[in-house]
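Any value given below was found using the heavy atoms of this structure, including those in side chains, with hydrogens, waters and symmetry copies removed.
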Amino acid sequence: MRSDEYDRLYLSPPHLGRHELNYVHKAIEDNWVAPTGPNLDGFERDLSQYVGVQHCVALSSGTAAIHLALLLLGVGPGDEVIVPSFTFVATASPVRYVGAEPVFVDSEPTTWNLCPARLREALAARAQLGRPVKAVIVVHLYGMPARLPELLAVAAEYGVPVLEDAAEALGSRHQGQPLGSFGEVAVLSFNGNKIITTSGGGALLTNHAEYARQARWLATQAKDPAPHYQHSTLGYNYRLSNILAGIGRGQMELIEDRVKRRREIYALYQELLRPVAALEVGPAEPAGLRSNRWLTTVLLNPEYTEHTPEYLRQHLEAHNIESRPLWKPLHLQPLFTDSPAYGGEVCADLFRRGLCLPSGSSMTDADVRRVVKALREIL
Ligand SMILES: *Cc1c(COP(=O)(O)O)cnc(C)c1O
């Protein structure tokens, strides 16, 4: 069969349900599209209940949420922030927005997330240099929970607050506790490719009322308490609109279904690819950790194949199937060549051998079989 007889399979497209439109419709009917409004309040309530945190501030993007979180933690010019090297650039860019510098730390092989031993090494080394670190950003990549107890203990040992980047991990759990509830501040993303979407959006989560109050204030231009538009603090325009929050409310009704389907897709890939020695579906869930399986990833085993992930990607593309390399480590990015890095071999190896496969919750089992069939043609 010619490949163009198939529809294109995307990596992680938006997957809307039936009720988003009701919330959007209500906002328009009530002439309440801005500012803030009932959908925004409702979406924030849905999120804080689901994650189990006291406060939620819905924002225009996950990147904006990280920016505000850094400001809340007092990160400023000349400070340093620990960032995992293996993540999307948006974890690190806001560190530069506030005039601070990222210090990159390698992954550990079981979860692919921040390595606790390397974190301790980095914190000790920066302290030795007289460059105390202001915050540690922990990311749960592709939905897999990081080694939280160890990471939180190391950060606490050095008295450094943890910012949890759960942009890819809504619906994941650590010993039953939802991710996004572990950091002093945590962030979520509702970008179009994430597990739920508002087309674009993000949120800041925290148990500290003062942080939430400050985040709302900074996100709406930081007005002084005066009727005449007086300003003494630099503010931002980062609030999510009441329309987009309506999409988010509809999506939150579906979050458990979406997680369930992504996990089924991962399990089916794993079953169908078991006979293919050259490919390893990964990583497995360590005991007590439950991933939302935002994206299913595979690693090539060079003992069984000479192919590169890029060769696989082009082969899938010829079958009208979208796939993507794993995140290129940030310590290898031109933007960050001058930033300090501790380790980096683990994530560099993952990047060299890895590929993300189509994983959207709207995929059928037949779609998964189609991807596997295309892979098996060359492996
Ligand atoms: C998507 C993502 C972000 C940024 O979220 P946006 O809503 O796209 O700004 C930050 N960190 C990680 C790990 C992400 O995957």
Side-chain angles (χ1 to χ4, degrees), residues 66 69-70 73-96 98-142 144-166 168-169 174 179 182-186 282-283 286-289 299 326-354:
I66 297 171
L70 291 169
L73 296 176
V75 181
D79 291 336
E80 291 189 340
V81 174
I82 303 272
V83 179
S85 181
F86 200 37
T87 184
F88 179 47
V89 69
T91 308
S93 325
V95 174
R96 287 267 177 90
V98 301
E101 197 48 31
V103 173
F104 295 113
V105 171
D106 204 354
S107 303
E108 52 85 20
T110 65
T111 65
W112 300 4
N113 291 312
L114 202 58
C115 172
R118 285 287 192 190
L119 174 62
R120 176 177 277 114
E121 181 191 325
L123 286 169
R126 299 324 282 175
Q128 193 99 63
L129 289 170
R131 312 263 346 223
V133 168
K134 268 305 202 28
V136 173
I137 306 184
V138 172
V139 182
H140 310 292
L141 217 60
Y142 305 118
M144 177 62 79
R147 294 286 188 181
L148 282 163
E150 296 90 332
L151 294 169
L152 293 171
V154 174
E157 212 178 287
Y158 285 83
V160 182
V162 168
L163 194 178
E164 202 187 346
D165 178 351
E168 301 178 3
H174 184 281
L179 300 189
F182 289 88
E184 289 293 301
V185 189
L289 308 192
L299 291 182
L326 303 187
W327 300 126
K328 179 173 179 175
L330 298 182
H331 76 279
L332 302 176
Q333 298 281 1
L335 183 59
F336 297 117
T337 39
D338 296 334
S339 305
Y342 292 83
E345 303 77 19
V346 174
C347 63
D349 176 61
L350 293 169
F351 172 64
R352 254 192 314 276
R353 298 195 290 121

TODO: Start with the C-alpha distance between L330 and Q333, add both sets of side-chain angles, then the distance that settles side-chain contact (heavy atoms from CB on, under 4.5 Å), and finish with yes or no.
DONE: CA-CA 5 Å; L330 298 182; Q333 298 281 1; 3.9 Å; yes

Between [X] (side chain) and [Y] (backbone), is there a donor-acceptor pair under 3.5 Å?
{"X": "D79", "Y": "G76", "result": "yes"}
{"X": "K134", "Y": "G74", "result": "yes"}
{"X": "E164", "Y": "A166", "result": "no"}
{"X": "S85", "Y": "F104", "result": "no"}
{"X": "E168", "Y": "Y142", "result": "yes"}

Open item on the list: With side-chain contact (heavy atoms from CB on, under 4.5 Å) as the criterion, how do F182 and V138 come out once you've worked through the C-alpha distance, each side chain's angles and the decisive distance to 0.1 Å?
Closed with: CA-CA 10 Å; F182 289 88; V138 172; over 6 Å; no

Of all heavy-atom pairs between [X] and [Y], which one has the smallest distance, and what is that distance?
{"X": "V95", "Y": "T91", "answer": "CG2-O, 4.3 Å"}
{"X": "H174", "Y": "A146", "answer": "CD2-O, 4.0 Å"}
{"X": "L141", "Y": "N113", "answer": "N-OD1, 2.9 Å"}
{"X": "A90", "Y": "P94", "answer": "O-CD, 3.1 Å"}
{"X": "A169", "Y": "L179", "answer": "CB-CD1, 3.7 Å"}

pair [X]-[Y]: side-chain heavy atoms closer than 4.5 Å:
{"X": "P286", "Y": "R147", "value": "yes"}
{"X": "L326", "Y": "L299", "value": "yes"}
{"X": "H331", "Y": "D106", "value": "no"}
{"X": "L151", "Y": "V162", "value": "no"}

Value rounded to 0.5 Å, distance of [atom1] in [X] from [atom2] in [Y]:
{"X": "C347", "Y": "L332", "atom1": "SG", "atom2": "CG", "result": "7.0 Å"}
{"X": "I82", "Y": "R126", "atom1": "CD1", "atom2": "CZ", "result": "8.0 Å"}
{"X": "L289", "Y": "H140", "atom1": "CG", "atom2": "NE2", "result": "10.0 Å"}

- [ ] Apply side-chain contact (heavy atoms from CB on, under 4.5 Å) to the pair L163 and L73, showing each step before the final yes or no.
- [x] CA-CA 9 Å; L163 194 178; L73 296 176; 4.1 Å; yes

Open item on the list: Which residue in the set L114, V105, V81 passes side chain to side chain contact (heavy atoms under 4.5 Å, CB included) when paired with V136?
Closed with: L114

TODO: Answer yes when R118 and E345 have at least one side-chain N-carboxylate O distance shorter than 4.0 Å, and no when they do not.
DONE: yes

Open item on the list: I'd like to check the ring-ring contact (aromatic ring centres under 6.0 Å, His included) partners of F88; sequence neighbours left out, ordered by chain and number.
Closed with: W327

TODO: Determine whether more than 12 heavy atoms belonging to other residues, nucleotides or ligands lie under 6.0 Å from atom CZ of R131.
DONE: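 12 or below, so no.
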
Task: From CA spacing to verdict: side-chain contact (heavy atoms from CB on, under 4.5 Å), E101, D338 - done: CA-CA 10 Å; E101 197 48 31; D338 296 334; 5.5 Å; no

